[in-house]
> 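Sharing a structure with you now.
Just so you know, ligand 1 is whichever comes first in the structure, and atom 1 is the first atom listed for that ligand. Since the model is a prediction, treat every value here as computed from it, not as a measurement. Side chains are part of it too, since the values below use all heavy atoms of this structure and drop only hydrogens, waters and symmetry mates.
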Amino acid sequence: MTETTRLQELLPQPAEVQPHPEVTFTLDPSAAIVLTTEDARHPAERLAEILRPSTGYPLEITTTPAETGIIFEQSETPAEAYELEVTATTVTIRSATPAGHFNAVATLRQLLPPQAEAKTEQPGPWTVPGAKIQDHPRYPHRGAMLDVTRHFFTTDQVKRYIDQVAAYKINYFHLHLSDDQGWRLEIKSWPNLTKIGGRTEVGGRTGNFFYTQAEYADLVTYAQNRGITVIPEFDMPGHTNAAQASYPELNDDDQARDPYTGIEVGFSSLAIDKDITYAFIDDVVREVAAITPGPYLHIGGDEALTTPDADYQAFMTRALPIVQKHGKTAIGWHEFVKTTEDTTPVVQFWNQTTADENVAAAAKRGNKVIMSPANRIYLDMKYTEETELGLKWAGHVEVEASYDWNPGAYLDGVTEEDVLGVEAPLWTETVASSADIEYLAFPRLTAAAELGWSPQSTHDWPGFARRLGAQAKRWEVQGINYYRSPQVPWQD
Ligand code: IFG
């Protein structure tokens, strides 16, 4: 494979790629990574962290100008955009923001041989094809969600998934931290949430299945150092059995619920009319907002099937302002949007329909929409009937189904301008290990990444499938347990 083929294998597809086949950059053992802007410090450190083990080179990070090597420069490109220019002697990355530099690093990784991803020293040469790439995202929100409540995942397992999604310019990581089966983040003012609610999971295994606030803060920093913002979700008023098993007073009848280890949904509801419910929410939101530097806090709102409409309305009327009070922007699964005219909260659409009048009305009023249609991008859907992992209530979802839709024209009345981006949820009723996560997430997560990043004008299934097939070499090096879909021309 010549270096230039790597320019045709980039995923997500960049906005503009100008090959310069007459030149090839070869990383020199003495090469330095030069910073002319502190914005690039974390992106440069991440690049070095990836390349030092595989190349065996020191790759010193310096602010001393150099004529050769990898150079990060400040530019005036907007928001997350970047420019990546490769000559015979330099790889130059130009951007105005840390996010842009992170995005350029993701592209540069794919311009290097797949062995660059190895954790042990590999033979070179470490070549990069000559080119000038000018790139920027279609949408500002490209998200991956991991449900750590049905099955708990350690911080190392979450970090592994964060590393894997960061390689595809995903920039938001949504952690589903509470549900019927578990409460997964320590709340100091309500300790039983984890003492009781954090002890069990689907299937009945017991343990300390929760993050201390220090562990959560560590995950947030880890994600930030990869250009990713964490979005914590505390689902309410439904999906609350773990909280209601932890505190009797959160129940209408003042009776604590039993811990739940099954996979039914829709049976729980916080007590709607009690003031203590909103004091509880205020304490949770206050404590979590204080350790969440990102702008968002997700309040769930889905499948409150035992909450009468009037109660659901009353609940959201009292709960949504609490998020704003603590300085965060609320995100909710789309059901909440019928309860408010406030255009600030972000609507996460997850249904199987292509029309939802409440979402269309909210978009018309000015609410932004994150697209997560279950029959397209729910990563816990089985690929086929033969897929052992996953569920199938939204149907079987093979790779092409995850790719072949247009987020900007999917929902009636929701236009390109209304769409904030795309997010791929991975629910874990049937998922219990990193290998399980990877089998369901790869390759479909890359479809969400491409739909969220690349211009609609580049949308083309055969082209995407070819570029996807070329990722296998990189996933093999990283030991990613991906599903070899028969729809993809995998290159070994
Ligand atoms: N729907 C539930 C999830 C999860 C999912 C599994 C949403 C918003 C089915 N709510 O998706 O808790 O059980 O596919």
> Near Y378, which atoms of ligand 1 are under 4.0 Å from a heavy atom of that residue?
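Under 4.0 Å from Y378, ligand 1 has these atoms: 7 (C), 8 (C), 11 (O), 14 (O).
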> In ligand 1, which numbered atoms sit nearer than 4.0 Å to a non-hydrogen atom of D380?
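Result: 6 (C), 14 (O).
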> Give the residue, atom name and distance (to 0.1 Å) of the protein heavy atom nearest atom 12 (O) of ligand 1.
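Answer, as residue, atom name and distance: R150 NH2, 2.9 Å.
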> Between H174 and W333, does the ring pair (Phe, Tyr, Trp, His ring centres under 6.0 Å) criterion hold? Intermediate values first, please.
CA-CA 12 Å; H174 169 178; W333 301 106; 5.7 Å; yes
> Does M381 have a heavy atom less than 4.0 Å from any atom of ligand 1?
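Right, M381 reaches ligand 1.
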> Indicate the ring-plane relationship of Y403 and H459, choosing parallel, tilted or perpendicular according to the 30° and 60° boundaries.
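Because their plane-to-plane angle is under 30°, the rings of Y403 and H459 count as parallel.
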> Can you label the angle between the W490 ring and the W475 ring as parallel, tilted or perpendicular, going by 30° and 60°?
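W490 vs W475 ring planes: tilted.
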> Quick one: does E429 get a heavy atom under 4.0 Å from ligand 1?
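Contact check E429 vs ligand 1: positive.
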> Under a 4.0 angstrom heavy-atom cut-off, which atoms of ligand 1 come close to E303?
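Numbered from 1, ligand 1 contributes 1 (N), 2 (C), 10 (N).
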> Would you mind listing which atoms of ligand 1 come within a distance below 4.0 Å of any non-hydrogen atom of W393?
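The list of qualifying atoms is 6 (C), 9 (C), 14 (O).
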> Taking D275 first and then R318, would you say they form a salt bridge - that is, a charged N and a carboxylate O separated by under 4.0 Å?
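A salt bridge links D275 with R318.
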> Under a 3.5 Å cutoff, is there a donor and acceptor pairing between the side chains of T344 and D342?
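Yes - a donor-acceptor pair under 3.5 Å links their side chains.
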